[in-house]
Participant: 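Provided herewith is a single structure, encoded as structure tokens, for subsequent inquiry.
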Protein chains: 2
Amino acid sequence: MTTRERLLDAGLEMLLQHGYNDLGIQALLRATGTPKGSFYHHFQSKEDFALQVIDRYMEEVHRGLELSLEDPGLTPLARARRFFELSREKYRRDGYLGCMLGGLGQELSGVNPTFAAKIEACFSEISCRIASCLEEARRQGEIPQQADPRELANLLLNCWEGAALRSRLLRDPAPLDQMLDFYFSAATRSVG
Amino acid sequence: MTTRERLLDAGLEMLLQHGYNDLGIQALLRATGTPKGSFYHHFQSKEDFALQVIDRYMEEVHRGLELSLEDPGLTPLARARRFFELSREKYRRDGYLGCMLGGLGQELSGVNPTFAAKIEACFSEISCRIASCLEEARRQGEIPQQADPRELANLLLNCWEGAALRSRLLRDPAPLDQMLDFYFSAATRSVG
DNA sequence: TTGAGAATAGACCGGTCAGTCTAGTGAGAA
DNA sequence: TTCTCACTAGACTGACCGGTCTATTCTCAA
């Protein structure tokens, strides 16, 4: 494994726990046994590093989206739900520290437009893919014809992020499950 | 206005925008024209200061809860919605920077148990007061008898926080309104 | 075998951080 | 009038911050 990869790996873990401002380069280097020269050889700056960590985070997210949204054994609505259940499993493995996008978004969007734009773009990507899935659900009659898949997808994602924050505070998955139950029972009942 | 009050006022504004780690004591002092000695006369430490700022934030929240949840001109469900509409107006005045509890919760709960507990306690307080309101809604038949007011209140609050994060990223109130529409139409339709 | 460039290595930089310390000021009590 | 104490004032401390710099080592192509 290359130094760059080691740094990004550690970055995923440490940024999730510490956030951006509480993560020192020094600490990252100590944790990975990397000299400072290597870090600044591979990355322009701390900000550049964090942005690349977000890219790596998004690779995982997209793998999860493919795994769930393209599962032919499930109905479209069940596929959408599956994605968040996969995410919940990832959160469990991480110790219920929530979602890195939510964490960095909250911390940095008040002062750093680069991060704000980056993270909004990530949410937007995810939301779009879920929206096509919900579009399919609408075609198949799982949700009402007059429903707006794009708005429903944003709603689902935003509420999920809220649940993830509460789950981080409590170190407990319950808010995640409750939110999914509520959302999908509301979505199905509305067409029942 | 006393020095202490000036500092807490500025703290409300600056912590919302900058978060905890990006807010320097120096900057706070510069912004308020306060010498350092005064700050450390009134507050034990930066952490102590931030915890007191949260207390002040919660005073506002409780005022909002009283204003809305005890409004006799509205049905119980409408009172609950009113609280979040009031919050939305506050967010607008602040430039759509979201909710301080959500911001500090995300930033600090991974590393600082004191803040994690404090902020979870704040959410819990708010949720409890909304739950009694929803309990009353249940008594009056606005929501199903078998609904759990406490869970519904947590759900509402958590989803709101997610919408607030997205609103902060976009500097736009739309996610807030969409979330409220979805939640309350789901809640009423289920008993239709 | 040698030359070139990528990568490692860590001392070092100026600046800023939270927090301390001592001196001084001002208002109200005695 | 004088004493007291809450409060103001800001210089100062040591640690740590992100980032730079130069020297060295490694890898691999010519």
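Naming convention: chains lettered A, B, ... in sequence-line order (proteins, then strands); numbering from 1 in each chain. Since the structure is predicted, the reported quantities are computational estimates derived from the model, not experimental observations. The basis for the numbers below is simple: all heavy atoms, side chains too, and nothing from hydrogens, waters or symmetry mates.
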Participant: Could you state the atom-to-atom distance from CG of Asn21(B) to P of dT16(C) in whole Å?
Facilitator: 17 Å

Participant: At 4.0 Å (heavy atoms only), tell me whether Gly24(B) reaches a base, stays on the sugar-phosphate, or touches nothing.
Facilitator: sugar-phosphate

Participant: Using the side-chain heavy atoms of His41(B), tell me which of these nucleotides is nearest: dG19(D), dA6(D), dT8(C).
Facilitator: dA6(D)

Participant: So, OP1 or OP2 of dA6(C): does either fall under 4.0 Å of a side-chain N or O from His42(A)?
Facilitator: no

Participant: Rounded off to whole Å, could you give me the CZ-to-P distance for the Phe39(B) and dC12(D) pair?
Facilitator: 22 Å

Participant: Using whole Å, report how far OH of Tyr20(A) lies from P of dC17(D).
Facilitator: 13 Å

Participant: Less than 4.0 angstrom between a side-chain N/O of Thr3(B) and OP1 or OP2 of dC7(D), yes or no?
Facilitator: no

Participant: Write down the distance between CD1 (Ile25(B)) and P (dG15(C)), rounded to a whole number of angstrom.
Facilitator: 22 Å

Participant: Could you tell me the separation between the NZ atom of Lys46(A) and the P atom of dC17(D), rounded to a whole number of Å?
Facilitator: 9 Å

Participant: Using whole Å, report how far CG of Asp22(B) lies from P of dC17(D).
Facilitator: 15 Å

Participant: Mind checking whether Phe84(B) and Trp160(B) have parallel, tilted or perpendicular rings, split at 30° and 60°?
Facilitator: tilted

Participant: Taking the six-membered ring of Phe39(B) as reference, does the NZ or CZ atom of Lys46(B) fall below 6.0 Å from its centre and within a 45° cone about the axis?
Facilitator: no

Participant: Regarding Gln178(B) and Asn154(A), is there a side-chain donor-to-acceptor distance under 3.5 Å anywhere?
Facilitator: no

Participant: What nucleotide, of dA11(D), dC17(C), dG10(C), holds the atom closest to the side chain of Lys36(B)?
Facilitator: dA11(D)

Participant: Could you check which of dG18(D), dG19(C), dG10(C) has an atom nearest any side-chain atom of Tyr40(B)?
Facilitator: dG19(C)

Participant: Nearest to the Pro35(B) side chain among dG19(D), dT8(D), dA7(C), which nucleotide is it?
Facilitator: dT8(D)

Participant: Just how far, in rounded Å, is P of dG19(D) from CZ of Phe49(A)?
Facilitator: 12 Å

Participant: Could you pick out which residue, Glu47(A) or Thr2(B), lies toward the 5' side of DNA chain D when each is mapped onto its nearest nucleotide?
Facilitator: Thr2(B)

Participant: Would you tell me whether Glu142(A) and Thr75(A) have side-chain atoms, one donor and one acceptor, within less than 3.5 Å of each other?
Facilitator: yes

Participant: Could you tell me whether Thr34(B) contacts a base, only the sugar-phosphate backbone, or nothing, with contacts defined as non-hydrogen atoms closer than 4.0 Å?
Facilitator: nothing

Participant: Take atom CD of Glu13(A) as the centre, draw a 6.0 Å sphere, and report whether it contains more than 12 heavy atoms from other residues, nucleotides or ligands.
Facilitator: no

Participant: For Leu29(A), answer base if it contacts any base atom (sugar-phosphate contacts may also be present), sugar-phosphate if it contacts only those atoms, and nothing otherwise; contact means non-hydrogen atoms under 4.0 Å.
Facilitator: nothing

Participant: Over how many whole Å does the gap from Gln44(A) atom CD to dG18(D) atom P extend?
Facilitator: 16 Å

